[in-house]
Amino acid sequence: MAATILDGKEVAKSIRAEMTNEVENLKKQGLTPGLTVILVGEDPASHSYVKAKEKACQEIGIQSEVIRMDASISQKELLETIERLNQNPNVHGILVQLPLPSHISEHAVIEAIRPEKDVDGFHPINVGNLVIGQEAFLPCTPHGIVELIKRTGTRLDGKHAVVIGRSNIVGKPVALLLQQENATVTMCHSRTKNLEQLTRQADILVVAVGKAHMIGKEHVNPGAVVIDVGVNRMDSGKLVGDVKFDEVKEIAGFITPVPGGVGPMTITMLLKNTIEAAKKQALLPNGVKG
Ligand code: NDP
């Protein structure tokens with residue numbers, strides 16, 4: 001039987017509708033959540049991601065600002081800008097769009113953001129809290145993936161989840177989140193042997209590699225929930241995922257399309273983190289922790 005398509009756009013729309021009401025209520029209480037995105041350089045994909053984030057903020061009433069900086073900016077100047085935003089009580093969330101030019105250390109930049117404004121969930125404090133199961137800003141893509149899986153009605157408890165990819169942004173945190181939901185998690189990467197043998201055991205298969213169409217129906221356990229995180233631009237300009245959507249949808253239980261699957265959920269979780277950040281900071285003197 002053909003899979004049910006997991007329409008990330010639709011799910012995101014309904015979550016964003018709830019968030020619009022919440023932002024409206026916060027504004028009535030004098031609190032306007034604010035997100036500042038810093039964009040360095042001219043990478044076209046980064047530009048389009050930032051535009052989408054700005055638009056999403058505006059749609060639900062979050063105050064958004066984009067600081068565009070030249071690719072030649074020094075790391076010092078960037079860190080000074082972040083520090084100004086750290087001190088600004090109207091800015092509740094700070095996001096530096098990655099990747100950065102090679103002369104700037106991503107690590108130093110991420111660490112410069114106050115953990116309570118780190119709405120991307122990349123700061124070592126937030127990552128550490130996630131690992132030890134304490135309250136943290138969850139990284140947006142992994143959080144969105146777990147929300148999408150839950151919307152299928154699939155109980156994660158005791159399920160076998162196989163994650164392909166072990167990046168800090170997607171693979172590792174999604175594996176942790178799935179484990180926290182009591183799934184049994186297998187992580188695969190470029191050195192994994194017998195990939196197909198492992199993926200065929202998956203009740204839930206999360207593919208986050210960045211290689212167009214690398215997963216076919218031979219990798220998939222019939223009825224599995226297949227989450228395709230990959231975004232690959234073909235020479236034709238078309239965006240495709242890591243999964244051969246047309247053939248895998250014939251045997252999977254649920255499958256996300258690319259585009260329109262994980263992507264809209266990522267932005268939605270960013271909005272959610274920004275609202276949470278604003279609420280938490282509103283309880284603090286001057287909006288920031290000393
Ligand atoms: P990375 O390049 O950081 O990580 C890719 C991972 O895939 C690595 O762990 C790598 O293994 C593994 N890998 C590479 N080749 C193979 C292989 N043949 N078999 C098994 N594993 C392999 O990518 P990201 O995690 O940052 O992103 C993954 C994809 O998701 C990209 O297409 C990206 O554009 C997309 N993405 C989409 C988002 C969205 O919102 N929709 C958000 C973030 C990312 P190893 O560690 O051994 O090198």
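If you read the sequence from its start, that first residue is 1, and numbering goes on from there. For ligands, and for the atoms within them, numbers begin at 1 and follow the listed sequence.
Put simply, no part of Met265 is less than 4.0 Å from ligand 1, judged by heavy atoms.
Residues forming a side chain to side chain contact (heavy atoms under 4.5 Å, CB included) with Ile145 (at least two apart in sequence, or on another chain): Thr141, Ile149, Val170, Val174, Val206, Ile227, Val229, Val262.
Contact annotation: the side chain of Pro173 never approaches that of Asn168 to less than 4.5 Å [non-hydrogen atoms, C-beta and beyond]. The closest side-chain heavy-atom distance from Val146 to Glu181 is below 4.5 Å. Side chains of Ile164 and Asp242 form no contact here, defined as non-hydrogen atoms less than 4.5 Å apart. Side chains of Val240 and Val258 form no contact here, defined as non-hydrogen atoms less than 4.5 Å apart.
Any N or O atom pair closer than 3.5 Å counts here, and Val231 shares at least one such pair with ligand 1.
Remark: ligand 1 atoms within the under-4.0 Å shell around heavy atoms of Gly263 are 40 (O), 41 (N). Remark: ligand 1 atoms within the under-4.0 Å shell around heavy atoms of Ile164 are 20 (C), 21 (N). Of all atoms in ligand 1, numbered sequentially from 1 with element shown, those under 4.0 Å from a heavy atom of Thr141 are 40 (O), 42 (C). Counting atoms of ligand 1 from 1 in the listed order, those under 4.0 Å from a heavy atom of Gly165 are 6 (C), 7 (O), 9 (O). Every atom of ligand 1 with a heavy atom of Ala208 under 4.0 Å away is listed here by number and element: 5 (C), 6 (C), 7 (O), 28 (C). Listed by number with element, the atoms of ligand 1 under 4.0 Å from a non-hydrogen atom of Thr266 are 39 (C), 40 (O). Near Lys211, with a cut-off below 4.0 Å to any heavy atom, the atoms of ligand 1 are 15 (N), 18 (N).
Counting protein heavy atoms only, atom 19 (N) of ligand 1 is closest to Met214 CE, 3.7 Å. Here the protein heavy atom with the shortest distance to atom 31 (C) of ligand 1 is Gly210 CA, 3.7 Å. Of all protein heavy atoms, the one closest to atom 46 (O) of ligand 1 is Arg166 NE, 2.8 Å. Nearest non-hydrogen protein atom to atom 21 (N) of ligand 1 is His189 C, 3.2 Å.
In summary, the side chains of His160 and Thr186 do present a donor paired with an acceptor at a separation below 3.5 Å, with no hydrogens or angles considered.
Under a 4.0 Å N-O distance rule, the pair Glu10/Arg151 does not qualify as a salt bridge.
Of the options Gly144, Gly171, Ser190, the smallest heavy-atom separation from atom 11 (O) of ligand 1 is shown by Ser190. Comparing heavy-atom distances from atom 13 (N) of ligand 1 across Thr256, Val209, Asp228, Val170 singles out Val209 as nearest. Nearest-heavy-atom check against atom 1 (P) of ligand 1 across Ala45, Cys140, Gly8, Ser167 picks out Ser167.
Contact annotation for Val229 and ligand 1: heavy atoms of both the backbone and the side chain come within less than 4.0 Å of the ligand. Residue contacts with ligand 1 for Thr192 are absent, since no atom lies close enough (heavy atoms, distance under 4.0 Å).
The one candidate from Ile275, Thr32, Ile62 that meets the side chain to side chain contact (heavy atoms under 4.5 Å, CB included) condition with Leu26 is Ile275.
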Return a table of donor-acceptor pairs under 3.5 angstrom between the side chains of residues 47-54 and protein atoms on other chains or two or more places apart.
unit_1	atom_1	unit_2	atom_2	d
His47	NE2	Gly41	O	3.1
Ser48	OG	Ala45	O	3.1
Lys53	NZ	Gln97	OE1	2.7

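Closest of all the heavy-atom pairs between Arg166 and Lys172 is O-CE, 3.3 Å. Contact between Arg16 and Pro264 at its shortest, heavy atoms only, is NH2-O, 3.1 Å.
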